[in-house]
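What follows is one structure encoded as structure tokens, with my remarks underneath.
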Amino acid sequence: MRKRDLDRFRNLLETRLVELYRAAHRTARWGMERHSMDQDTPRDEGDEAQRVQARDLQMGLAENEARLAQQMEEALKRITRGVYGQCVDCGGPIEISRLRAVPWALRCAEDQEALEYEARDRSPSL
Ligand SMILES: [Zn+2]
């Protein structure tokens, strides 16, 4: 991969990571601040239940984001190691168009499809 492309992907990944960590930070603070926020809204049990529900939803998102952040960190490490854009299965180049869509992709489209096909195959059918 050309250095120019590599730099672009590194910037992209770093930007996305910073955004993610900022969002995660907000989520972490949300739990602590939930008693001080919404000060204007009247307190009743329904209101409290709604807030708890919203918090659970946010925790769920944070979990996905944590996984995503991990994948991005891994991609950045791969850039450092000089193996970014190489398929972990066949060692061939991952399509640039694919990396643009999924900068932390580990496999070329063909191997990813094969993997997903296998996963589908393994899952029990009713
Ligand atoms: Zn491959």
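Atoms within a ligand are numbered from 1 in the order they appear, just like the ligands themselves.
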Which ILVMFWY residues are connected to Tyr117, directly or by a chain of links, through side-chain heavy atoms under 4.5 Å apart?
none

List, by chain and then residue number, the residues other than Trp104 in its hydrophobic cluster (Ile/Leu/Val/Met/Phe/Trp/Tyr, side-chain heavy atoms under 4.5 Å); write none if there are no others.
Met1, Leu6, Phe9, Leu12, Leu13, Leu17, Leu20, Tyr21, Leu68, Met72, Leu76, Ile79, Tyr84, Ile94, Ile96, Leu99, Val102

Using the rule given for side-chain contact (heavy atoms from CB on, under 4.5 Å), can you reason through Arg100 versus Arg8, listing the C-alpha separation, both sets of side-chain angles and the distance that settles it, and then say yes or no?
CA-CA 10 Å; Arg100 283 207 184 103; Arg8 198 183 302 146; 3.8 Å; yes

Using salt bridge (charged side-chain N to carboxylate O under 4.0 Å, His left out) as the criterion, list what pairs up with Arg10, not counting sequence neighbours.
Asp7

Please tell me whether Gln70 and Glu74 have a donor and an acceptor in their side chains that are separated by less than 3.5 angstrom.
no

Less than 2.8 Å from the Zn ion (ligand 1) is the window; count the protein N, O or S atoms in it.
4

Counting neighbours of CZ on Arg78 that are heavy atoms of other residues, nucleotides or ligands and sit closer than 6.0 Å, is the number greater than 12?
yes

